[in-house]
Protein chains: 2
Amino acid sequence: MVVGLPTKPDAAGPEFDEDQVDLIFHALSDRTRRDIMGKVSQSEQSISDLARQYEVSFAAIQKHVSVLEKASLVTKRVDGRQKLVQNNPETLRRATELLAEYERIWTQRINAIGQILGEERQVGDRKRAEERKRR
Amino acid sequence: MVVGLPTKPDAAGPEFDEDQVDLIFHALSDRTRRDIMGKVSQSEQSISDLARQYEVSFAAIQKHVSVLEKASLVTKRVDGRQKLVQNNPETLRRATELLAEYERIWTQRINAIGQILGEERQVGDRKRAEERKRR
DNA sequence: CAAACCTACAACCATTTGGTTGTAACTTAG
DNA sequence: CTAAGTTACAACCAAATGGTTGTAGGTTTG
């Protein structure tokens, strides 16, 4: 429901918020954060619980969690004096579908390469024409 | 052949090179680079071709392509005085499977949450015991 | 050959990132 | 109430990032 993956293969791209995509991929590009995702997926944990399991400072883990939270990959739930971090499967699913969608879009032409030799040349020609415009 | 995705659902994690995962997700976390992926998937293009389509400088695009290349998301093929950038569907497929794998691993416990209430408590207890160690 | 084109790369700059320590506020336990 | 535990956040720092311009080296083209 939150998602809205396109179903047309020829669409320019998914109607995703590009900022959100930036945040998600950026959040996943750090191995400590990926590791945190793994830990909180087994059981929700407080920031302190998490911080205790890494070499870095409490504040550093706090920032990592914040990055994950801004990407909606985890949520925080207050429980007394601590906040429990839990992962958000919905965003995870969404991210997976998103990348699968990118894969489909970005490789569709490749799969049809044999059928479009003529068009390929045309594309090249059009490109060369644009080039002459010299902007 | 390059890949090595795990097939066991209960494995701790995929035997992927964590550095490579960092590179791939980081490369995908920038919308200009994602856009470049889209363009080169339609037809391989020289760096100049690409640069002409963006506001930023040639060198900036050169750097973006370099980031994509280090993540193995694109390859470069020399053609006379220019180098043609083409996307690498294999890495794309690999990345998609990787994220799907993460999704599966990171959400498996959630799906079984009803069945492991006892274990969940045990996990909590073990955690509290570790906490007493006070490192 | 000379001019134009394409690419690589260095040097530089502003901003972001990932890390630190320190301080303040709130919650629970004694 | 006091002390300990947990979190939030500010201030600071080094390194990485994304951008710039400039220079140099290959490749075509006229």
Side-chain angles (χ1 to χ4, degrees), chain A residues 18-19 22-37 40 44-71 74-86 124 127-135, chain B residues 18-19 22-36 40 44-71 73-86 124 127-135:
Chain A
E18 289 287 311
D19 290 325
D22 284 359
L23 291 178
I24 291 174
F25 282 134
H26 169 66
L28 293 176
S29 74
D30 181 283
R31 75 196 65 189
T32 298
R33 286 193 289 265
R34 290 194 300 272
D35 201 64
I36 289 176
M37 287 297 293
V40 302
E44 54 182 8
Q45 299 187 36
S46 70
I47 320 264
S48 292
D49 285 341
L50 289 170
R52 235 170 264 122
Q53 303 172 61
Y54 298 91
E55 301 284 292
V56 298
S57 70
F58 170 83
I61 296 300
Q62 216 175 12
K63 284 190 183 180
H64 279 308
V65 170
S66 172
V67 169
L68 290 170
E69 191 182 22
K70 282 182 181 120
V74 301
T75 56
K76 280 192 269 189
R77 169 172 88 78
V78 26
D79 173 46
R81 70 180 152 187
Q82 59 189 6
K83 288 200 180 168
L84 298 180
V85 181
Q86 53 193 174
K127 200 142 290 154
R128 224 158 284 125
E130 270 189 317
E131 186 173 342
R132 275 188 212 98
K133 280 164 50 187
R134 294 280 294 123
R135 62 183 242 89
Chain B
E18 288 288 309
D19 289 324
D22 285 358
L23 292 178
I24 291 174
F25 282 133
H26 168 67
L28 293 176
S29 73
D30 182 283
R31 74 196 64 190
T32 300
R33 286 193 290 263
R34 290 194 299 272
D35 201 65
I36 289 176
V40 301
E44 54 182 6
Q45 298 187 35
S46 71
I47 321 264
S48 292
D49 287 340
L50 289 170
R52 236 171 264 123
Q53 304 173 59
Y54 297 91
E55 302 284 290
V56 299
S57 69
F58 171 83
I61 296 299
Q62 215 174 14
K63 283 191 184 180
H64 279 308
V65 170
S66 172
V67 169
L68 290 170
E69 190 182 23
K70 283 184 180 117
L73 284 165
V74 302
T75 55
K76 279 191 270 188
R77 168 172 89 78
V78 25
D79 172 46
R81 69 179 153 188
Q82 59 189 5
K83 287 200 181 169
L84 298 180
V85 182
Q86 54 194 174
K127 202 143 289 153
R128 225 159 283 125
E130 272 188 317
E131 188 174 336
R132 277 188 210 98
K133 280 165 52 188
R134 296 281 293 121
R135 58 183 249 85

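Labels below follow one simple rule: chain letters A, B, ... track the order of the sequence lines, proteins then strands, and each chain is numbered from 1. Excluded from the calculations below are hydrogen atoms, water molecules and symmetry mates; all remaining heavy atoms, backbone and side chain alike, are included.
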Task: side-chain contact (heavy atoms from CB on, under 4.5 Å) between Glu44(A) and Asp49(A), intermediate numbers included - done: CA-CA 9 Å; Glu44(A) 54 182 8; Asp49(A) 285 341; over 6 Å; no

Open item on the list: Please determine whether side-chain contact (heavy atoms from CB on, under 4.5 Å) holds for the pair His64(B) and Tyr54(B), giving the CA-CA distance in whole Å, both sets of side-chain angles, and the decisive distance to 0.1 Å.
Closed with: CA-CA 12 Å; His64(B) 279 308; Tyr54(B) 297 91; over 6 Å; no

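Side-chain nitrogen and oxygen atoms of Lys76(B) include none within less than 4.0 Å of the OP1 or OP2 phosphate oxygen of dT7(C). For Arg52(A), a side-chain nitrogen or oxygen approaches OP1 or OP2 of dT6(D) to under 4.0 Å.
Minimum interatomic distance between Ser29(B) and His26(A) (heavy atoms only, all atoms of both residues): CB-N, 3.4 Å. Smallest separation of non-hydrogen atoms from Leu23(A) and Ala71(A): O-CB, 3.6 Å. Between Ser46(B) and Leu84(B), the closest heavy-atom pair is N-CD2, 3.6 Å. When all heavy atoms of Leu28(B) and Phe25(A) are compared, the closest pair comes out as O-CD1, 3.3 Å. The two residues Gln45(B) and Val40(B) make their nearest non-hydrogen contact at NE2-N, 4.4 Å.
The distance between atom CD of Glu44(A) and atom P of dT7(D), rounded to the nearest whole Å, is 12 Å. Rounded to a whole Å, the NZ atom of Lys70(A) is 13 Å from the P atom of dT16(C). Rounded to whole Å, atom P of dT17(D) lies 18 Å from atom CZ of Arg31(B). If you take CG of Leu50(A) and P of dG5(D), they are 18 Å apart, rounded to a whole angstrom. Protein atom CG of Asp22(B) is 19 Å distant from nucleotide atom P of dA15(D), rounded to whole Å. Regarding Leu84(A), its CG atom lies at a distance of 18 Å from the P atom of dG5(D), rounded to whole Å. One can place CD1 of Ile47(A) at 15 Å from C1' of dC26(C), the figure rounded to the nearest angstrom.
Taking OG of Ser48(A) as the start and CD of Gln62(A) as the end, the distance is 8.5 Å to the nearest 0.5 Å. Once rounded to the nearest 0.5 Å, the distance linking CD1 of Ile61(B) with CD1 of Ile47(B) reads 9.0 Å. We find the CD1-CG distance between Ile24(A) and Asp19(A) to be 11.0 Å, quoted to the nearest 0.5 Å.
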Just the table, please: protein N/O against nucleotides 26-29 of chain D N/O, every pair under 3.5 Å.
{"from": "dT27(D)", "atom 1": "O3'", "to": "Arg81(B)", "atom 2": "N", "distance (Å)": "3.4"}
{"from": "dT28(D)", "atom 1": "OP1", "to": "Arg81(B)", "atom 2": "N", "distance (Å)": "3.4"}

Below 3.5 Å between N/O atoms, which protein atoms pair up with nucleotides 18-22 of chain C? Just atom names and distances, please.
{"from": "dG18(C)", "atom 1": "OP1", "to": "Arg33(A)", "atom 2": "NH2", "distance (Å)": "3.2"}
{"from": "dG18(C)", "atom 1": "OP2", "to": "Arg33(A)", "atom 2": "NH1", "distance (Å)": "3.3"}
{"from": "dG19(C)", "atom 1": "OP2", "to": "His64(A)", "atom 2": "NE2", "distance (Å)": "2.2"}
{"from": "dG19(C)", "atom 1": "N7", "to": "Lys63(A)", "atom 2": "NZ", "distance (Å)": "3.0"}
{"from": "dG19(C)", "atom 1": "O6", "to": "Lys63(A)", "atom 2": "NZ", "distance (Å)": "2.2"}
{"from": "dT20(C)", "atom 1": "OP1", "to": "Ser57(A)", "atom 2": "N", "distance (Å)": "3.3"}
{"from": "dT20(C)", "atom 1": "OP2", "to": "Ser57(A)", "atom 2": "N", "distance (Å)": "2.7"}
{"from": "dT20(C)", "atom 1": "OP2", "to": "Ser57(A)", "atom 2": "OG", "distance (Å)": "2.4"}

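Two end axes, each from the C1' atoms of five base pairs, can be drawn for the helix from dC1(C)-dG30(D) to dG30(C)-dC1(D); they diverge by 20°, to 10 degrees.
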